[in-house]
Amino acid sequence: MTMVRVRFAPSPTGFVHVGGLRTALYNYLFARRNNGVFVLRIEDTDRSRYVEGAVENLLSVLDWAGLTPDEGPQQGGKYGPYLQSERLDIYKHYADRLVQQGFAYYAFDTPEEIETARQKSPDPRTFKYDASTRSLMRNSLTLSEEEVRRLLAQKVPYVIRLKVPENRIFVITDLIRGEVSFHSSQVDDQVLIKSDGYPTYHLANVVDDHLMEISHIIRGEEWLSSVPKHLYLYECFGWEPPLMAHLPLIFNPDGSKMSKRDIQSLSLMPSGKVDPDVQSYIQAGYEREAILNYIALLGWSSGDDREVFTLKELEQIFSLDRVNKSPAIFDLAKLKHLNQQHINRMEPERLAAELRSLAENAGWAIEDENYFMQVVKLFQPRLHMRNDFLTLSRYFFEEPTEYDAETKAKRWKEDSGKLVLEFLSEIIKLTVFDKESLEKTLLQTAERCGVPAAKIIHPTRLAVTGMGIGPGLYEILELLGKEKVINRLKRAVGILG
RNA sequence: GGCGCGUUCGUCUAGCGGUCCAGGACACCGGCCUCUCACGUCGGUAACACGGGUUCGAGUCCCGUACGCGCUACCA
């Protein structure tokens, strides 16, 4: 059994796509599950699409996700370099080898000439540079040897094209889709080396996957159609192709492809579209584990009824044969649900640490660690997003300056001020200020005044927190402490009447 | 247009010929819990694209149609 080696091979286009992150995740999980190696290779062979900082961004997102490569531009490895732009001589070497062996040829046609040929062909829509047309073009198959030598010597721009044979059937056994076959008549003489000397994806990919000893290719379905070219390349080189698994695509809620252009700024789901940029979700405050968990579920399921998984758990149970074939639609509601689930299951200490840095970044001064911890515990079960903590728990750190108008209208009645003062006069006497005695005191006060407990509870909550929602009142009061509670009640009654 | 892939509740999915008048999750609706909001819990609405085969029996296998998506670049 040979070593499992997989790769994530993104091209740095400026941002990491949700689908790209899932591809990285699946590769990572497959490697971990099979004690294999996870390779990161940067496919930066398109100079026209070069984006400043794209590689750094990619690296930082992977790092954030915890999908650390075993080999890659940062960690190195014996199969490097891992940036294709640093491997140009390798591709050239292999392309030349194909030309020498007659599997590929030089083509000198300019884009304009090809366009002209297309227009003059019987059906411009189906025109291809292939076995049926290459004899009409300017290439080393139609030109004399001397002419070819002369053109090369004169540095006339050229590309190297793969000479795809006629009447062949290429069959792959995809790990997810089963057998898929293609007739060679539908594949064109793919450019291998562009006129700028850079390789195309197809050449670089095949060469690198072989040289880096990749055992399984796990990538998006958009690549399925180009597999025959790749298979033929492996054949020409005399190499064994890796096993392949083509993943279903991820779409917008309206069924369209997730595209960066669909999104204006950060607003999610403007019109049946969803932001494809992973960075947006990070910035929006989603939990790392929740995002990974969610995208893992887009195209894969565990087989039992469990859906909430940590990365570590996924590493144990992920398998390619539970990946399905049909495309998935990205659903923010489910992401949010999983986000809440992950916050809920987090170790309180860890959540506290996360929330503390969040709060401190927002300018909060946290003096009492233990107090902060108690507040966090109160809110953990009711946080859907960690950012909500800032608005929901603020009254624990500063006195409310405003009182929610809606709650005031609904809960603060004629007698509320009086009842709150009654309650206040009782709790002032308390020597033990815990939730049990507070509850007992409140209930007794209510009974003494002949009103339902709710008539005191709600106004008190509003007075102390400024809000109508939140954790249990007695827990809030206990945690705030006697002094603050007394001050706030007095102040609120003065303001609310 | 050509080629390829896909099609189970609104969404993610389970299902690998009978145990499926189709199960789970999100969302939605209702109940319980309860001082509120959540959490939790109980229940409800809701799907095998269509048409032919094969078979004693099809969501499950085959063919066709429709629809969707991908590829069809000197982009990946």
Side-chain angles (χ1 to χ4, degrees), chain A residues 9-13 43-46 48-49 107 109-111 114 123-129 157-161 174 176-178 180-183 185-188 190-202 204-205 219-228 246 248-249 251 253 255-257 294 297-308 321-322 324-338 340-341 344 379-384 388 392 407 410-411 439 442 446 452-462 465 467-474:
Chain A
S11 64
T13 54
E43 310 227 329
D44 54 345
T45 57
D46 185 359
S48 66
R49 290 217 293 179
D109 319 270
T110 63
I114 293 174
D123 183 1
R125 294 176 60 89
T126 59
F127 175 86
K128 281 200 306 291
Y129 202 125
Y158 68 93
V159 299
I160 294 179
R161 284 182 183 272
D174 187 272
I176 292 167
R177 276 147 229 286
V180 184
S181 59
F182 302 85
H183 191 96
S185 65
Q186 66 197 263
V187 357
D188 63 354
Q190 180 63 50
V191 169
L192 267 17
I193 297 284
K194 299 180 255 188
S195 56
D196 63 3
Y198 277 63
T200 56
Y201 171 88
H202 308 282
N205 200 260
R219 81 239 288 188
E221 202 209 36
E222 70 268 27
W223 294 110
L224 189 57
S225 300
S226 34
V227 168
H246 288 89
L249 267 18
F251 295 125
S256 63
K257 188 176 174 179
Y294 180 61
L297 258 22
L298 254 25
W300 172 89
S301 61
S302 67
D304 54 39
D305 284 343
R306 289 185 304 158
E307 287 197 324
V308 184
D321 45 62
R322 291 209 58 85
N324 51 261
K325 303 170 166 71
S326 46
I329 288 174
F330 191 93
D331 178 30
L332 260 188
K334 184 113 181 193
L335 205 211
K336 282 180 179 154
H337 170 254
L338 286 173
Q340 181 260 112
Q341 291 295 316
N344 210 267
F379 285 93
Q380 183 163 16
R382 64 196 82 228
L383 285 181
H384 285 229
D388 293 345
L392 294 178
T407 307
K410 189 177 170 191
R411 306 288 193 188
E439 177 168 12
L442 190 139
K455 294 277 284 178
I456 303 179
I457 290 172
H458 294 300
T460 301
R461 172 190 295 282
L462 180 65
T465 70
M467 301 170 76
I469 59 169
L473 179 67
Y474 309 118

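Quick note: numbers below take in every heavy atom, side chains included, and nothing from hydrogens, waters or symmetry partners.
Using a 4.5 Å heavy-atom cutoff, the side chains of A:Tyr474 and A:Ile457 are in contact.
Between A:Asp304 atom CG and B:rG24 atom C1' there is a gap of 10 Å when expressed in whole angstrom units. If you measure from atom CZ of A:Phe330 to atom C1' of B:rG10, you get 17 Å, rounded to the nearest angstrom. Distance CH2 (A:Trp300) to P (B:rA14): 10 Å, rounded to an integer number of Å. Atom CG in A:Asp331 sits roughly 5 Å away from atom C1' in B:rU11 (whole-Å rounding). Taking atom OH of residue A:Tyr474 and atom C1' of nucleotide B:rU36, one finds them 12 Å apart after rounding to whole Å. In this entry the distance linking CD of A:Gln341 with P of B:rC26 reads 8 Å, nearest Å. Atom CD in A:Gln380 sits about 12 Å away from atom P in B:rG40, given to the nearest Å. Computed from coordinates, the A:Gln340 CD to B:rG40 C1' distance equals 10 Å when rounded to whole Å.
Comparing B:rA66 with B:rC50, their C1' atoms are spaced 7 Å from each other, to the whole Å. Look at the P atom in both B:rG52 and B:rU13: the space between them is 30 Å, to the nearest Å. A gap of 31 Å separates the C1' atoms of B:rG4 and B:rA22, to the nearest Å. Distance check on atom C1': B:rU36 versus B:rG68 gives 46 Å, rounded to whole Å. A distance of about 12 Å separates the C1' atoms of B:rC9 and B:rC28, rounded to the whole Å. For the P atoms, the distance linking B:rA46 with B:rC69 amounts to 29 Å, nearest Å. Atom name P, nucleotides B:rG51 and B:rG59: the rounded distance is 12 Å, in whole Å. Distance check on atom P: B:rA25 versus B:rU65 gives 39 Å, rounded to whole Å.
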(request) Just do the side-chain contact (heavy atoms from CB on, under 4.5 Å) check on A:Leu335 and A:Phe330 with the steps written out, would you? (result) CA-CA 9 Å; A:Leu335 205 211; A:Phe330 191 93; 4.3 Å; yes
(request) For the pair A:Asp123 and A:Arg125, evaluate salt bridge (charged side-chain N to carboxylate O under 4.0 Å, His left out) and give the outcome as yes or no after the intermediate values. (result) CA-CA 5 Å; A:Asp123 183 1; A:Arg125 294 176 60 89; 5.2 Å; no
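Counting only N and O atoms by type, the side chains of A:Tyr201 and A:Asp46 include no donor and acceptor under 3.5 Å apart. Side-chain contact check for A:His246 and A:Arg177: no donor-acceptor pair (N or O, by modelled atom type) lies under 3.5 Å.
A:Gly220 comes within contact range of no nucleotide atom at all, as no heavy-atom separation falls under 4.0 Å. Contacts of A:Asn324 with the nucleic acid, taken as non-hydrogen atoms under 4.0 Å apart, involve only primed sugar atoms and P, OP1 or OP2. Among the atoms of the strands shown, only primed sugar atoms or phosphate atoms (P, OP1, OP2) are found under 4.0 Å from some heavy atom of A:His384. Residue contacts for A:Arg177: at a heavy-atom cut-off of 4.0 Å it reaches the sugar-phosphate backbone alone, with no base atom in range. Using a 4.0 Å heavy-atom criterion, one finds that A:Phe379 contacts no nucleic acid atom at all. Residue A:Ala454 is out of contact with every strand shown, counting any heavy-atom pair closer than 4.0 Å. Contacts of A:Pro471 with the nucleic acid, taken as non-hydrogen atoms under 4.0 Å apart, include base atoms. At the heavy-atom level, A:Phe182 lies under 4.0 Å from the strands shown only through sugar-phosphate atoms. Using a 4.0 Å heavy-atom cutoff across all strands shown, A:Arg219 reaches no nucleic acid atom at all. Among the atoms of the strands shown, only primed sugar atoms or phosphate atoms (P, OP1, OP2) are found under 4.0 Å from some heavy atom of A:Leu297.
Under 4.0 Å is where a charged nitrogen must lie from a carboxylate oxygen, and between A:Lys194 and A:Asp196 no such pair does.
If you check B:rG68 for Watson-Crick or wobble pairing at under 3.5 angstrom, you find it paired to B:rC5. For B:rG18, the paired base is B:rC56 (Watson-Crick or G-U wobble, both distances below 3.5 Å). The nucleotide B:rG43 finds its pairing partner in B:rC29, both defining distances of the Watson-Crick or G-U wobble pair being shorter than 3.5 Å. In this structure, B:rC74 forms no base pair with any nucleotide, since neither Watson-Crick nor G-U wobble geometry is met with both distances under 3.5 Å.
Using a 4.0 Å cut-off, no side-chain N or O of A:Thr126 falls inside it from OP1 or OP2 of B:rG2.
The base of B:rG24 is paired with the side chain of A:Glu307 by a donor and an acceptor separated by under 3.5 Å. With hydrogens and angles ignored, no donor-acceptor pair under 3.5 angstrom links the side chain of A:Arg382 to the base of B:rC39. At a cut-off of 3.5 angstrom, counting only N and O atoms as typed in the model, there is no donor on one side facing an acceptor on the other between the side-chain of A:Lys334 and the base of B:rA27.
In this structure, A:Asp109 and A:Tyr129 approach most closely via the heavy-atom pair OD2-OH, 2.6 Å. Closest non-hydrogen pair, A:Glu43 versus A:Ala9, comes out as OE2-CB, 3.3 Å. Residue A:Ser226 comes nearest to A:His202 through the heavy atom pair CB-CE1, 3.5 Å, listed as atom of the first residue, atom of the second, then distance. The two residues A:Asn344 and A:Gln380 come nearest to each other via the heavy atoms O-NE2, 3.4 Å.
Along RNA chain B, the nucleotide nearest A:Leu224 and the nucleotide nearest A:His337 are compared for position; the residue whose nucleotide lies closer to the 5' end is A:Leu224. Positionally, the nearest nucleotide of RNA chain B for A:Gly303 lies more toward the 5' end than for the other of A:Lys410 and A:Gly303.
Of the candidate nucleotides B:rA14, B:rG4, B:rU11, B:rA14 has the atom nearest to the side chain of A:Ser301. For A:Lys325, counting side-chain heavy atoms from C-beta on, the closest listed nucleotide (B:rC12, B:rG6, B:rC69) is B:rG6.
For A:Arg322, there are no salt bridge (charged side-chain N to carboxylate O under 4.0 Å, His left out) partners two or more places apart in sequence or in a different chain.
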(message) Within the 4.0 Å limit for protein heavy atoms, which parts of nucleotides 71-76 of chain B are touched? Write it as a string from 5' to 3', B for base, S for sugar-phosphate only, - for none.
(response) S--BBB
